[in-house]
Amino acid sequence: MKSFWNRKEKPYVLVVFLLPFLWMFCSLFLGKYFPDPGKLLMRLSGIWACVFMAGALSVTPLMTFQRFKILARYRRFTGLAAFFYSVLHLIIYLVLFAGLSWTWIRSDLVEKPYIYAGVLALVILLLLAVTSTKPMMKRLGRNWKRLHRFIYLAALAIIAHLWWQVKSDTSLAIIFSSVLGGLLAYRLVTHSKRLRRLYSS
Ligand code: HEM
């Protein structure tokens with residue numbers, strides 16, 4: 001996969017990807033509208049991680065249209081942004097929720113098993129982030145593509161993470177499982193079509 005980065009546009013793209021982060025930071029000062037800033041930051045970081053994950057997964061289907069081919073140059077950055085907001089989500093959990101107490105985390109894990117699904121997604125995103133560099137792509141060769149298909153397993157883990165924690169408001173779970181599930185279904189359909197063509201020729 002080629003990178004078409006134009007060095008001049010890099011800082012602008014970086015700013016766009018960091019806007020949600022700034023917005024999250026500003027929301028801390030709106031304490032009177034949001035009585036529990038920890039919960040708000042946790043939610044916002046999780047939502048933006050999902051948005052960027054969906055963005056990274058949408059690039060391939062969108063590239064079937066000529067006018068969207070340009071998106072290829074932002075795919076890696078979008079994936080890294082998903083990883084960045086997921087790490088932020090974890091840091092907020094460890095610091096603002098758990099107060100860095102391992103005992104607290106241990107009992108929370110018993111109460112909220114959906115955290116394991118989040119951890120699985122984060123570990124996959126970490127693997128994909130560290131192997132997203134050009135030297136790593138070269139080193140892994142054909143296995144690089146195979147490894148990066150794990151993004152679909154991460155998407156499934158996130159769908160589980162969201163549904164498992166639903167209490168009454170199902171809106172986020174419905175939105176992201178439709179988007180991520182739709183992208184996953186698209187991938188399965190195109191992959192099985194390709195296999196059928198391969199075996200019939
Ligand atoms: C180590 C990894 C993770 C941990 C420990 C974790 C933990 C949590 C916890 C405790 C909540 C509930 C917060 C609350 O009670 O308000 C939550 C919510 C959420 N998480 Fe995670 N999570 C992890 C990974 C992820 C990842 C990788 C994503 C997305 C790519 C994600 C997306 C979300 C979203 C969108 C919510 C909000 C759900 C809602 O408010 O309905 N999480 N997470």
Side-chain angles (χ1 to χ4, degrees), residues 16-21 23-25 27-28 30-31 33-60 74-132 147-185 187:
V16 171
F17 281 71
L18 284 175
L19 280 179
F21 181 66
W23 180 38
M24 284 169 59
F25 189 71
S27 68
L28 274 183
L30 299 172
Y33 303 107
F34 301 108
D36 189 344
K39 234 177 163 37
L40 174 73
L41 289 182
M42 193 72 190
R43 202 161 200 230
L44 287 179
S45 54
I47 289 175
W48 282 105
C50 289
V51 168
F52 285 115
M53 185 189 263
L57 284 170
S58 327
V59 172
T60 305
Y74 306 116
R75 177 170 25 203
R76 176 168 169 250
F77 220 70
T78 314
L80 288 174
F83 174 61
F84 171 78
Y85 284 96
S86 302
V87 171
L88 204 62
H89 188 67
L90 172 65
I91 293 173
I92 293 164
Y93 173 76
L94 293 176
V95 177
L96 297 184
F97 273 48
L100 295 176
S101 156
W102 180 237
T103 324
W104 190 92
I105 293 171
R106 268 218 307 251
S107 67
D108 202 40
L109 282 172
V110 176
E111 221 177 278
K112 300 173 183 161
Y114 63 79
I115 290 178
Y116 290 110
V119 172
L120 171 65
L122 185 61
V123 169
I124 293 173
L125 288 175
L126 169 70
L127 260 176
L128 304 191
V130 295
T131 54
S132 69
L147 178 69
H148 279 246
R149 280 195 196 120
F150 273 91
I151 185 76
Y152 295 100
L153 178 61
L156 276 178
I158 288 309
I159 293 174
H161 184 62
L162 297 182
W163 278 107
W164 212 338
Q165 62 180 279
V166 158
K167 285 186 192 107
S168 53
D169 181 7
T170 51
S171 50
L172 266 189
I174 290 178
I175 293 171
F176 285 119
S177 40
S178 320
V179 175
L180 295 173
L183 290 163
L184 212 76
R187 180 70 208 182

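Predicted model only: the values in this text are computed from it and were never measured. Quick note: residue numbers are just sequence positions, from 1. Counting starts at 1 for both ligands and their atoms, following the listed order.
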Number the atoms of ligand 1 from 1 as they appear, then name those within less than 4.0 Å of a heavy atom of Arg43, with their elements. 39 (C), 40 (O), 41 (O)

Tell me: protein heavy atom nearest atom 36 (C) of ligand 1, and distance? Leu162 CD2, 4.0 Å

Could you list which atoms of ligand 1 come closer than 4.0 Å to a heavy atom of Leu90? 1 (C)

A quick test of your reading: do over 12 heavy atoms of other residues, nucleotides or ligands sit less than 6.0 Å from OH of Tyr152? yes

Mind checking the CG-CD1 spacing from Leu180 to Ile159? Nearest 0.5 Å is all I need. 5.0 Å

By number and element, which atoms of ligand 1 are closer than 4.0 Å to a non-hydrogen atom of Lys39? 14 (C), 15 (O), 16 (O)

Quick one: sort the Trp48 and Tyr85 rings into parallel, tilted or perpendicular, breaks at 30° and 60°. tilted

So, with waters excluded, how many protein N/O/S atoms does atom 21 (Fe) of ligand 1 have closer than 2.8 Å? 2

Checking a contact table here: which protein heavy atom is nearest atom 26 (C) of ligand 1, and how many Å away? Ile158 CD1, 3.4 Å

Measure Val166 to ligand 1 on non-hydrogen atoms and call it side chain, backbone, both or neither using the 4.0 Å cut-off. neither

Any chance the rings of Phe84 and Phe52 have centres within less than 6.0 Å? no

Does CH2 belonging to Trp23 count more than 12 external heavy atoms closer than 6.0 Å? no

I'd like to know if the side chain of His89 and the backbone of Gly46 have a donor-acceptor N/O pair within less than 3.5 Å. yes

Would you check if Leu162 and Ser177 make a side-chain contact, meaning some heavy-atom pair closer than 4.5 Å? no

